[in-house]
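In what follows, every heavy atom counts, from backbone to side chain, and hydrogens, waters and symmetry copies are set aside. Lettering of chains follows the sequences in order, A, B, ..., and the numbering in each one begins at 1. Predicted model, so just to flag it, every value in this text is computed and none were measured.
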Amino acid sequence: MSQFQEKTEITRIERLAVDIYRLTLLSPEIASAAQPGQFVMVRTTNSKDPLLRRPFSICQTSSGKYFQILFKVVGRGTSLLAHCREGEFLSVLGPLGNGFQVDYNSANCLVGGGMGIAPLLFLGKTMLRKCKEQQPIVVLGARNKDELSPLVADFKELGLLVHAATDDGSLGRHGLVTDVLKNISFGTECQFSVCGPTPMMRAVHFFCKEGEYACQVSMETAMACGMGACLGCIVPVEKGGYAHACSDGPVFNAKELLWPIQ
Amino acid sequence: MSQFQEKTEITRIERLAVDIYRLTLLSPEIASAAQPGQFVMVRTTNSKDPLLRRPFSICQTSSGKYFQILFKVVGRGTSLLAHCREGEFLSVLGPLGNGFQVDYNSANCLVGGGMGIAPLLFLGKTMLRKCKEQQPIVVLGARNKDELSPLVADFKELGLLVHAATDDGSLGRHGLVTDVLKNISFGTECQFSVCGPTPMMRAVHFFCKEGEYACQVSMETAMACGMGACLGCIVPVEKGGYAHACSDGPVFNAKELLWPIQ
Amino acid sequence: MADTIKADLSVSIGSLKLKNPVMTASGTFGYAREFEPYVNLHRLGAVVVKGISLEPRAGNPPPRIVETSCGMLNAIGLENVGVDRFITEKMVSLQDVKVPVLVNILGDSIDEYREITKRLAGVAGIAGIEVNISCPNVKKGGVAFGTVPEMASAVTRAVREESTVPVIVKLSPNVSDITVIAKAVEEAGADAVSLINTLIGMAIDHKSRRPKIANVIGGLSGPAIKPVALRMVYQVSQVVSIPVIGIGGIETYEDVLEFMLAGATAVQIGTANFVNPRASEEAVEGLACYVKEQKLRSIRDVIGALILP
Amino acid sequence: MADTIKADLSVSIGSLKLKNPVMTASGTFGYAREFEPYVNLHRLGAVVVKGISLEPRAGNPPPRIVETSCGMLNAIGLENVGVDRFITEKMVSLQDVKVPVLVNILGDSIDEYREITKRLAGVAGIAGIEVNISCPNVKKGGVAFGTVPEMASAVTRAVREESTVPVIVKLSPNVSDITVIAKAVEEAGADAVSLINTLIGMAIDHKSRRPKIANVIGGLSGPAIKPVALRMVYQVSQVVSIPVIGIGGIETYEDVLEFMLAGATAVQIGTANFVNPRASEEAVEGLACYVKEQKLRSIRDVIGALILP
Ligand SMILES: Cc1cc2nc3c(=O)[nH]c(=O)nc-3n(C[C@H](O)[C@H](O)[C@H](O)COP(=O)(O)OP(=O)(O)OC[C@H]3O[C@@H](n4cnc5c(N)ncnc54)[C@H](O)[C@@H]3O)c2cc1C
Ligand SMILES: Cc1cc2nc3c(=O)[nH]c(=O)nc-3n(C[C@H](O)[C@H](O)[C@H](O)COP(=O)(O)OP(=O)(O)OC[C@H]3O[C@@H](n4cnc5c(N)ncnc54)[C@H](O)[C@@H]3O)c2cc1C
Ligand SMILES: Cc1cc2nc3c(=O)[nH]c(=O)nc-3n(C[C@H](O)[C@H](O)[C@H](O)COP(=O)(O)O)c2cc1C
Ligand SMILES: Cc1cc2nc3c(=O)[nH]c(=O)nc-3n(C[C@H](O)[C@H](O)[C@H](O)COP(=O)(O)O)c2cc1C
Ligand code: FES
Ligand code: FES
């Protein structure tokens, strides 16, 4: 297993929106082992409060040396991360979990909502590298333009076309990503890779079920360890019982989960 | 009672030696109410760990707006303070406790050891202001030159002559402050104001007892509240029972305490 | 500030009407006057003063306190001036504070509890008595009154018989089943229960190989114990019909709401007073805003309103 | 690193010889292999695997965990594959890990404990059994085995009778007097006791007005509980003559020393594994340096070496 516990140096901190930040971290080990959809567990403080690490998707890697995480400040851990300084070191575990399993030569659609867009950038970039002929269809949603436009810009920089939707209509379509999906025609072979708030993933799953498209979703749960040890991060599965988001996922075949997940 | 809970701005951070720092804090309320020997309780973090405030002597005030604390990094709280940034705010309670009670027109001797020197600078400055004719005798000790010389410099800047002693002889006399005291002749009226490690204060107290000099000492104990509420900060007193360092002190008439104090 | 008055924050502890549910915990607020520079005392629901014994007590030798992860240990040893000086000195100065004063009492025998209560009976300005039963019963080899239902109920009965004001029994968390003790003291006539007192803990300095407090063991308080306190408040609220006062790691109005949702009618703020001396008043302000924002008729709507899965 | 080998860190738990006193606690280290990327497993004293029941258990619904101040609550609900699959699947993979494996077992009746022990008897690679007695006794209306001396001793006796390896009984801290339980299980034949299991706690989300874990109550672990654990280890060490294994909020070698000074022969690291997966190995390294720097003949010199005031 290529997992590492690293003191990674923060080489860059960018504030993309009022409460959205992107950190660039130096770790050749993690950067070169990472797969799209995998995540890292980050210690947000040297103190014992908050105690536990926080999970973040790997949002991008570069030069096999750096990787990025993109996050929104929602509580104390993310607030501490936002107050870090360049040059400081963060303790990071990773890369963890199972990423997206995609057929790079098939038609692909990436659907992201909010911070769920983070792992899709990594996935989109990988798709472009692995298959020059075909570009994935990208559908991104967020609350408003301020939050969405810096993320859309990243995809555009890769040369990808983005279909956007915002809750308030300030960028792209006024509404949900599923409203956008309904207006696109997908080939039957199209495979969906989805990450975002659970209600959104549920909606996309049902859209895919109807259209009989393959659909993978990346699940977010509370996590204490990130490596299959605490059994805290469960999601109910179709066949009964639970799977563990950190070690069986976080990316699951949507059909194997027991919807609706709360 | 003039006590305040303040969000004070850190206007300056100076690193005086490897692990000695001085913070300048903006608080007209605290700065203008402070008396030499009083202290403040500082919150070192916004997190709940470390939980309690830390006590620091007021080391100097200026322009009735600023006050300074001088500290050595000995644990987590002081380490957090050392990592603050200028422009950040610290939550401070103060000024607390009873300071030195001195007859400014009498002969005075200030004896400080290590970080115990901090409140004596404030006291020395006040003495010079209140009585132009007579300068206090200043005897300062510390482990070595690196630690002592920046503190000596502060007194010299005020125009005070300093007798220094260091454990390793790297500055001033090789030995303890009491070795210095023995070689100075004091008038019988001389009043001693002492702050430093307990063994040093004990030694100076016995020196004063012998010479029948008045002697005040500033006691350091563990403190949770700094304001007489928790009853944690006790020192044994001569007449039996305990006094509370934060509200009855921290400055005590040495004769009223029950020596040897551990 | 003026707005605050409009929100209905009042609660009742037996016959005692409080303008809001926020009190300060015994041993953490001195005799209230210490906090005057920081807090408008009359804006609090009540203040509970440091535990009083029959005779003055010097307390334990130093060190008495030490910080732990998100908490602190204390072994003050119940230093206090004794009930007589309390009445003549402390109560007199407490009189002008326009806030209900609850007197926390302790003893090492049932007779001692009874005698203190007798002396407090009729003293002006005492709104209630809080009985600390975490103390060792000297006659029973030092077993804490609060850990044996029969002893807890005997203390309660004695105090209830002598008291002219509401009696709150303060429960120890160091028991296998706190509901058993709660039911025992309810039956014995307690007008309310308050919980929790401190968990018994210990800290060691590995360098000196010595305990960090002279008494070796001490009481653990602060945010660290909040989950235990909340659980016990929840459990006790299910089994008694007298009001429950929640204590343990409370600092903010959100903490207060959590305890009230679990079933507490009121709360006490302890260790947090040391970290933020304005914590109690800020909690009152926070509750007032909450009641208004949520458009509640009264804060009482929150009591026991926990939604179970 | 090579130096480490020289320091004598070995300790004995009954007939079980450990190369050092640092184990990992049940439920916090998976089946050990999860930690291979971070830890040289063979450098640990022992690993204790997740609690095993007779039948597989799916565990509690989500959410199962929540962070608290300097701690966490869990209500995993003892999810496990059951003793048979544990033997055929997990133990097989654990065999190549060159570290003693202790199997933590649990049940809801004495017969169940007995039956699990029978099935584990003789299975290769099992160095000892740790009996979790914090579980509810279904026949006694859900009272935890570990809170009643008679029940604790009956479980111990049953497991001891069937076991071919040392039996460690893991005590619950949710009791009035843990020394009573410790003495009961010692008398019933336990080869050692380990303590503490989690304190029972609760957390509430005031916004949704719901408990933060689906099971409503859960087990509190982490640095927050260390003072309580240290006190109980100290108390139990005074009254039993079998080895005591200290658990609760341990992260560093300094924490280990504190528990050993209080009387523990060995320790277990739990929640800290989540925060720092290398915690256990780093504690071993720290102890080795300590023994050398202090020029101790053996780490055993530290056991119970607390100096009282
Ligand atoms: C596999 C995985 C990948 C993730 N990737 C990203 C990412 O790339 N970018 C990003 O911004 N976030 C991501 N998250 C969510 C992120 O972990 C949480 O936002 C973070 O842990 C919150 O920490 P905090 O201390 O700031 O908030 P806390 O103080 O712990 O909580 C504050 C509020 O946030 C809510 N919250 C806590 N954890 C989560 C969670 N996991 N999901 C949603 N709400 C939560 C709490 O319920 C609470 O209301 C990911 C989560 C998982 C499990
Ligand atoms: C009235 C008063 C005034 C003070 N003024 C100053 C000052 O001007 N400058 C200054 O540097 N310090 C001063 N101190 C001491 C200062 O409060 C402590 O150094 C500080 O609290 C340590 O915090 P920490 O979190 O860094 O250490 P911790 O992590 O709490 O402890 C680390 C180590 O330091 C020791 N320690 C903790 N508190 C004290 C203490 N009060 N005295 C000595 N050792 C201690 C501990 O035993 C431990 O070994 C004063 C103390 C008091 C009571
Ligand atoms: C320094 C200190 C002194 C205390 N003294 C008393 C006391 O005299 N009587 C009492 O019943 N409780 C006493 N307590 C317990 C508190 O009132 C309270 O029950 C406990 O600290 C838990 O609340 P907290 O976590 O908010 O502090 C004391 C607590 C502390 C920290
Ligand atoms: C997520 C989790 C799962 C646990 N599962 C078990 C278990 O299956 N059996 C058991 O005896 N103890 C279990 N425990 C308790 C721990 O083994 C340990 O006793 C407790 O967490 C205190 O130690 P700590 O503070 O170092 O975590 C579990 C603890 C946690 C946090
Ligand atoms: S987060 Fe611990 S098992 Fe998944
Ligand atoms: S520090 Fe609390 S009474 Fe002195």
Report task. Find the one option among A:A224, A:G228, A:S247 whose heavy-atom pairs under 4.5 Å with chain D are most numerous. Result -> A:A224
Report summary line: If one checks every heavy atom of A:M223 against chain D at 4.5 Å, the contacting part turns out to be backbone
Query raised in the report: Do A:C225 and D:N273 come within less than 4.5 Å of each other through their side chains, counting heavy atoms only?
Result: no
Query raised in the report: If you draw a 6.0 Å radius around CG in A:N46, do more than 12 non-hydrogen atoms from other residues or ligands fall strictly inside?
Result: no
Query raised in the report: Under the salt bridge (charged side-chain N to carboxylate O under 4.0 Å, His left out) criterion, do A:R54 and D:E67 qualify, and how do the steps go?
Result: CA-CA 11 Å; A:R54 301 293 192 255; D:E67 190 180 60; 2.8 Å; yes
Report summary line: All heavy atoms of D:V275 vs all of A:R53, minimum pair found to be O-NE, 2.7 Å
Query raised in the report: Any side-chain heavy atom of A:L51 sitting closer than 4.5 Å to one from D:T271?
Result: yes
Requested in this report: Identify which of A:G226, A:G241, A:P50, A:S91 forms the greatest number of heavy-atom pairs closer than 4.5 Å to chain D.
Outcome: A:P50
Query raised in the report: Do any N or O atoms from the side chain of D:R64 and from the backbone of A:L231 form a donor-acceptor pair under 3.5 angstrom?
Result: yes
Query raised in the report: In terms of heavy-atom proximity below 4.5 Å to chain A, should D:F29 be classed as side chain, backbone, both, or neither?
Result: backbone
Query raised in the report: Can you tell me how far OH of A:Y242 sits from CG of D:N60, rounded to the nearest 0.5 angstrom?
Result: 7.5 Å
**Report entry** D:E251 side chain reached by A:K48 side chain, heavy atoms, under 4.5 Å
**Finding:** yes
Query raised in the report: Out of curiosity, A:D49 CG to D:C70 SG, how far, rounded to the nearest 0.5 Å?
Result: 5.0 Å
Query - From D:F274 atom CZ to A:M227 atom CE, the distance as rounded to the nearest 0.5 Å - result: 9.0 Å
Query raised in the report: Which heavy atom of A:I234 sits nearest a heavy atom of D:E79, and at what distance?
Result: CG2-OE1, 4.1 Å
Query raised in the report: For A:K72, does the NZ atom have more than 12 heavy-atom neighbours from other residues, nucleotides or ligands under 6.0 Å away?
Result: yes
Query raised in the report: Is it the side chain or the backbone of D:P62 that comes within 4.5 Å of chain A heavy atoms, both, or neither?
Result: both
**Report entry** Closest non-hydrogen atom pair, A:C230 against D:I65
**Finding:** SG-CD1, 4.4 Å
Query raised in the report: Got A:Q3 and D:Y38 here, is their nearest side-chain heavy-atom distance under 4.5 Å?
Result: yes
Requested in this report: Report the distance from atom SG of A:C246 to atom CD of D:E34, rounding to the nearest 0.5 Å.
Outcome: 9.0 Å
